[in-house]
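Labels below follow one simple rule: chain letters A, B, ... track the order of the sequence lines, proteins then strands, and each chain is numbered from 1.
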Amino acid sequence: MNKQIEKLVETANFSLRKDVLSLLRKAYRNETNKKSQRALALILENAKIAKREKLAICQDTGLPVIFIEVGRNQAVSLKLIDAIEKAVISGYKNNYLRASIVDPFKSNNPSYNGVVTHVEFSPQIKGIKVTIFPKGFGSENKTRLKMFNPTAHLEQIEDFIIESVLNAGPESCPPFVVGIGIGGTSDTALLLAKKALLGSVDVKNKDRFLDKVEKRLLKKINALNIGPMGLGGKNTCLAVKIKTVPTHIAGLPVGVNISCHALRSATINI
Amino acid sequence: MIRLVKRFSNSMNKHSLREKFLKSRCGSEILFTGIIYTARDQAHKKIVALIKKKQKLPFDLADQIIYYCGPTGTPKGKIIGSCGPTTSSRMDEFVEPLLKKGLLGMIGKGRRSKKVHELIKKYRAIYFIASSGCGALLAKKVISKELIAFKELGPEAIYKLKVVDFPLIVAIDSKGKSI
């Protein structure tokens with residue numbers, strides 16, 4: 001299993017996801033701003049070089065976020081979780097990925113010693129699914145949460161999301177994928193927003209209502225004219241993905257988690 | 001594209017480089033050849049502390065270019081790992097003391113504060129953006145890497161890089177105008 005996990009770390013950091021690549025190619029084709037189109041060409045070229053030369057797509061190989069989904073009739077032990085985390089860390093070390101982890105106050109000397117692990121039980125799946133999501137902080141720093149009133153209009157929520165994207169700006173490496181989590185408690189909304197980035201981003205939302213909202217938001221964001229490197233153009237966002245869960249009658253938490261164009265993740269069944 | 005060439009280890013050229021940069025307008029795309037120094041958050045904090053204490057700096061900032069970058073480790077057989085730009089605005093609060101020491105240019109990604117625009121104008125400096133999220137591509141433009149200071153900071157250490165045809169866009173020109 002160690003080898004499998006280490007391989008997963010490589011895949012996540014060296015090979016851009018197919019769904020993301022296909023949206024980037026589409027963006028390149030439809031861009032009419034020449035400078036932005038050149039920037040998109042470099043992004044596509046970068047993905048090729050990264051894969052061919054086994055170089056990280058981005059030097060910010062992130063804080064490794066690990067999702068462990070435990071399926072029906074599966075048991076999971078602390079020993080297994082520990083082994084997965086250790087394999088992720090050795091995958092980072094062995095592939096010369098960046099040591100980006102520090103204690104908030106005690107040390108400025110970066111190491112590999114830190115991952116964020118989420119363990120969940122999903123009756124819908126078989127086996128145990130492990131996902132590695134290297135989340136860079138250029139975009140993570142722009143995460144936002146707002147606790148709306150339950151009577152808030154959808155328009156107010158959309159405005160908040162647009163504001164969040166404006167706040168992210170060129171430094172978070174557009175074109176973005178915008179993950180949105182709505183419902184639960186404050187922490188649920190932010191976790192959902194992150195999880196929204198993990199599914200295929202080039203497919204429709206199965207929920208017709210959410211699909212409509214996603215499409216409308218995508219259109220609005222792409223009218224902001226930020227574009228790759230802030231050069232403007234039609235492509236500020238590749239996709240908007242929304243996930244919802246039930247919430248409390250007194251509130252409506254909305255979390256926004258933005259990903260840069262280098263949206264990287266890889267999943268296996270162990 | 002304009003091609004600006006800064007010759008390696010030739011101090012005679014420094015003035016002409018500043019003159020060339022002064023003429024570059026925001027939005028210009030440039031291929032830069034020459035020397036740049038990596039420095040990001042912690043290195044800036046340390047440099048500014050050294051300046052305050054009037055101590056010797058790890059390298060002479062005059063007419064140099066700082067690249068806001070923390071590369072990955074270097075894979076076997078390679079010169080450098082992935083090495084794209086990091087968010088410049090985090091370094092905004094450290095800019096003035098460095099410009100006072102003669103820093104010529106900064107390379108990073110994203111917006112800068114209003115104050116930094118004014119400082120760039122005041123000190124006749126320049127701010128470039130490099131292809132963000134393209135660390136693998138930019139690694140191919142680096143022909144040498146040398147550790148200069150703060151080894152303990154790992155990826156945040158200061159490295160002297162020789163680069164060839166490094167793609168840049170002028171984001172704030174010496175008149176303080178930005179794209």
Side-chain angles (χ1 to χ4, degrees), chain A residues 13-14 16 34-35 38-61 92-102 107-112 136-139 141-142 168-175 228-232 260-264, chain B residues 1 27-29 38 40-43 45-46 67-90 92 108-112 128-142 150-157 167-169 171 178-179:
Chain A
N13 281 287
F14 300 154
L16 200 55
K34 288 290 163 206
K35 268 185 197 167
R38 281 197 287 276
L40 287 164
L42 289 183
I43 290 170
L44 288 167
E45 174 75 17
N46 181 67
K48 262 190 216 164
I49 294 171
K51 196 169 180 180
R52 188 180 68 216
E53 307 235 351
K54 288 193 157 202
L55 279 166
I57 296 164
C58 175
Q59 75 289 341
D60 187 353
T61 52
Y92 264 69
K93 277 186 191 162
N94 296 342
N95 286 294
Y96 308 95
L97 301 177
R98 199 171 73 181
S100 310
I101 316 301
V102 285
S107 161
N108 291 325
N109 303 348
S111 78
Y112 290 100
F137 260 54
S139 57
N141 276 340
K142 307 291 183 164
E171 55 270 30
S172 305
C173 300
M229 295 172 81
L231 296 168
C260 57
H261 58 73
L263 171 53
R264 295 150 284 172
Chain B
M1 281 199 186
S28 302
E29 290 166 283
T38 67
R40 47 175 288 158
D41 308 64
Q42 299 301 336
K45 202 173 165 184
K46 288 196 178 214
Y67 181 26
Y68 302 141
C69 170
T72 63
T74 305
K76 277 197 188 106
K78 298 234 182 319
I79 293 163
I80 194 169
S82 189
C83 56
T86 194
T87 304
S88 308
S89 59
R90 294 197 314 271
D92 283 358
K109 63 165 168 159
R111 297 164 289 191
R112 308 300 305 255
F128 299 101
I129 48 173
S131 309
S132 48
C134 295
L137 179 131
L138 294 173
K140 306 300 287 174
K141 312 287 181 190
V142 178
F150 312 139
K151 188 176 182 230
E152 70 282 6
L153 294 180
E156 295 204 82
L168 299 173
I169 297 175
S178 64
I179 55 169

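Counting heavy-atom pairs closer than 4.5 Å to chain B, the top residue among A:Ala262, A:Pro110, A:Ala47 is A:Pro110. Ranked by non-hydrogen atom pairs under 4.5 Å with chain A, the options B:Ala139, B:Gly108, B:Ala136 are led by B:Ala136. Put simply, of B:Ala171, B:Ser89, B:Gly73, the one with the most heavy-atom pairs under 4.5 Å next to chain A is B:Gly73. In terms of non-hydrogen atom pairs under 4.5 Å with chain A, the most contact-rich of B:Ser131, B:Gly154, B:Ser88 is B:Ser131. Comparing B:Arg111, B:Glu152, B:Lys109 by heavy-atom pairs within less than 4.5 Å of chain A, the highest count is held by B:Arg111. When B:Gly27, B:Ser132, B:Cys134 are compared by the number of non-hydrogen pairs under 4.5 Å with chain A, B:Cys134 comes out ahead. Between chain A and the residues B:Ala157, B:Ala130, B:Cys69, the largest count of heavy-atom pairs under 4.5 Å involves B:Ala130. Put simply, of A:Ile57, A:Val102, A:Asn95, A:Asn141, the one with the most heavy-atom pairs under 4.5 Å next to chain B is A:Ile57.
Among all heavy-atom pairs drawn from A:Asn13 and A:Tyr92, the shortest one is ND2-OH, 3.6 Å. Here the closest non-hydrogen pair linking A:Leu231 and A:Ala39 is CD1-CB, 4.0 Å. In terms of heavy atoms, A:Asp60 sits closest to A:Arg264 at O-NH1, 3.0 Å.
Under the salt bridge (Lys or Arg N to Asp or Glu O under 4.0 Å) criterion, A:Lys54 pairs with A:Glu10, sequence neighbours left out. Applying the salt bridge (Lys or Arg N to Asp or Glu O under 4.0 Å) rule to B:Lys78 yields the partners A:Glu53; only residues at least two apart in sequence or on another chain are considered.
Both the backbone and the side chain of B:Ile129 come within contact range of chain A, judged by heavy atoms closer than 4.5 Å. For chain A, the nearby parts of B:Pro75 are the backbone and the side chain; heavy atoms of each come within less than 4.5 Å. Looking at A:Leu97, only its backbone comes within 4.5 Å of chain B, counting heavy atoms on both sides. When heavy atoms are compared at a cutoff of 4.5 Å, B:Lys140 approaches chain A solely by way of its side chain, counted from C-beta outward.
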**OP:** Any chance you could lay out the side-chain contact (heavy atoms from CB on, under 4.5 Å) test for B:Leu168 and B:Glu29, step after step, and finish with the verdict?
**Re:** CA-CA 6 Å; B:Leu168 299 173; B:Glu29 290 166 283; over 6 Å; no

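Using a 4.5 Å heavy-atom threshold, the side chains of A:Lys35 and A:Met229 count as separate.
In this structure a side-chain-to-backbone donor-acceptor pair under 3.5 Å is present from A:Asn46 to B:Leu137.
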